[in-house]
Amino acid sequence: MKNVMSMADFSKEDIERILFLAKDIETNPDIFSEALKGKTLAIAFFEPSTRTRIGFSTAMQKLGGNVVEVYESKLSDKMSAPESDEDTLRVVSDYADFVALRHKSRDLVKNLRINSKIINCGNGNDEHPTQTLIDLYTILKEIGRLDNFSIAIAGDLKNMRAGHSLVLGLSKFDNIRLTLLSPKLLSMPTEYLNSEVIEKNNFEFADEDVLYVAGFPPAKEVSDAERESYILHASVLQNKKTIIMNPLPRVDEIDVAIDSMPNARYFEQSKNGLFVRMAILLHLHQSPS
Ligand code: CP
């Protein structure tokens with residue numbers, strides 16, 4: 001695996017290898033503290049980010065490597081002159097072993113031909129594969145398996161790249177009962193569906209092991225009332241064991257009262273990001289170019 005581009009490219013074994021490595025790192029972080037000494041990661045984010053940007057930066061530093069930041073826009077006053085993002089990235093790749101890239105274009109990352117190993121950290125509304133590896137690691141830690149469980153994913157499934165990658169990732173595992181909950185106009189595009197799913201156009205989940213609230217930014221396709229009907233309130237979780245996940249940032253799709261309930265796992269999920277991002281960098285380093 002030279003690049004992390006799409007969850008469609010991963011086999012079940014690839015995913016398990018990265019998650020087991022993340023577990024080793026979480027258990028014995030000191031063993032890995034010089035694993036990427038002398039290597040450089042360029043963080044090239046052309047869209048805003050908090051978790052993924054500081055997460056990869058911290059992960060690289062904890063592996064003993066170096067980090068360079070490429071500033072957000074070709075119009076930034078940190079750049080010498082406007083140039084194409086492709087040209088910027090080509091130059092950056094001469095200095096970096098890895099490029100972690102976030103960009104509003106779905107295609108730019110797929111068409112890049114650079115020497116560095118590329119980590120897709122979000123390409124428009126298409127995919128966010130590293131988020132999915134964090135999500136799968138969290139599910140594995142919380143329920144102890146990645147086969148034989150039930151999960152509902154709710155929100156703007158048309159546009160949420162984390163949701164697209166998660167559905168592709170889940171399709172690698174066996175006997176998963178996957179329910180997709182969204183307004184009809186914001187349903188999951190068929191290009192991401194290659195396993196059996198149950199689709200509903202309301203926010204009615206049952207007793208799934210996991211409820212993944214994919215997020216629901218204001219969308220022009222739905223009324224405020226319909227959007228509000230997908231907000232998760234504490235009262236509906238009474239007596240349910242379902243764990244609640246969310247890639248964050250939260251807009252308003254999860255009531256803050258849930259944060260202190262035993263169901264909430266989204267901040268643990270975010271914290272798991274460090275170990276998984278370290279594992280992704282190490283896995284890529286160990287993979288042939
Ligand atoms: N989950 C996620 O991608 O968060 P950021 O946009 O803050 O990186």
Side-chain angles (χ1 to χ4, degrees), residues 3-7 10 15 18-19 22 41-62 67-73 98-106 108-109 118-142 151 153-170 188 192 210-219 232 243-254 256 258-259 264-281:
N3 303 313
V4 173
M5 196 63 68
S6 162
M7 282 315 295
F10 281 77
I15 295 170
I18 291 172
L19 303 194
L41 166 70
I43 308 266
F45 275 35
F46 295 80
E47 276 191 333
S49 165
T50 304
R51 279 142 286 272
T52 316
R53 185 172 51 79
I54 64 165
F56 269 110
S57 178
T58 308
M60 188 63 179
Q61 291 172 69
K62 289 209 176 272
V67 178
V68 292
E69 288 250 9
V70 181
Y71 288 95
E72 215 163 77
S73 157
F98 311 93
V99 174
L101 174 63
R102 175 173 287 190
H103 201 281
K104 65 179 184 302
S105 164
R106 291 168 70 106
L108 181 138
V109 69
I118 303 166
I119 306 170
N120 176 10
C121 293
N123 57 323
N125 66 355
D126 182 21
E127 279 209 59
H128 194 350
T130 65
Q131 179 64 51
T132 292
L133 292 165
I134 295 165
D135 300 340
L136 295 175
Y137 184 67
T138 303
I139 294 169
L140 183 61
K141 270 176 79 173
E142 295 296 337
I151 176 169
I153 308 177
D156 175 358
L157 303 185
K158 179 179 170 193
N159 296 303
M160 290 303 290
R161 55 193 176 198
H164 303 162
S165 290
L166 182 56
V167 168
L168 288 170
L170 291 169
M188 178 72 62
Y192 303 106
V210 181
L211 173 62
Y212 191 98
V213 184
F216 208 143
L232 183 63
I243 64 164
I244 308 302
M245 294 175 58
N246 178 293
L248 302 178
R250 161 172 54 185
V251 183
D252 57 359
E253 63 273 21
I254 300 176
V256 292
I258 294 171
D259 297 2
R265 292 294 190 286
Y266 27 92
F267 289 110
E268 285 82 355
Q269 180 184 353
S270 179
K271 197 170 167 189
N272 287 332
L274 176 64
F275 315 118
V276 177
R277 291 184 182 108
M278 289 171 76
I280 291 167
L281 288 164

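Remember, predicted model here, so these are calculated numbers, not experimental data. Counting convention: from 1, in listed order, for ligands and their atoms alike.
Under the salt bridge (Lys or Arg N to Asp or Glu O under 4.0 Å) rule, Asp126 has a single partner from Arg106, Arg161, Lys104, which is Arg106.
Residues passing the side chain to side chain contact (heavy atoms under 4.5 Å, CB included) test with Asp259, sequence neighbours excluded: Arg250, Val256, Tyr266, Phe267. Not counting sequence neighbours, the partners of Phe216 by the ring pair (Phe, Tyr, Trp, His ring centres under 6.0 Å) test are Tyr230. Listed by chain and number, the residues in a ring pair (Phe, Tyr, Trp, His ring centres under 6.0 Å) with Phe275 amount to none (sequence neighbours excluded).
Donor-acceptor pairing under 3.5 Å is lacking for the side chains of Asn123 and Glu127.
For the pair Met160 and Asp156, the tightest heavy-atom approach, listed with the atom from each and the gap, is CG-O, 2.8 Å.
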Quick check for students: name every N or O atom pair between ligand 1 and the protein closer than 3.5 Å, with distances.
unit_1, atom_1, unit_2, atom_2, d
ligand 1, 1 (N), Gln131, OE1, 3.1
ligand 1, 1 (N), Pro247, O, 3.0
ligand 1, 1 (N), Leu248, O, 2.8
ligand 1, 3 (O), Thr52, OG1, 3.1
ligand 1, 3 (O), Arg102, NH2, 3.0
ligand 1, 3 (O), His128, NE2, 2.8
ligand 1, 4 (O), Arg51, NE, 3.0
ligand 1, 4 (O), Leu248, O, 3.4
ligand 1, 6 (O), Arg102, NH1, 2.9
ligand 1, 7 (O), Thr50, N, 2.8
ligand 1, 7 (O), Arg51, N, 2.9
ligand 1, 7 (O), Arg51, NE, 3.0
ligand 1, 7 (O), Arg51, NH2, 3.1
ligand 1, 8 (O), Ser49, OG, 2.6
ligand 1, 8 (O), Thr52, N, 2.9
ligand 1, 8 (O), Thr52, OG1, 2.6
ligand 1, 8 (O), Arg102, NH2, 3.3

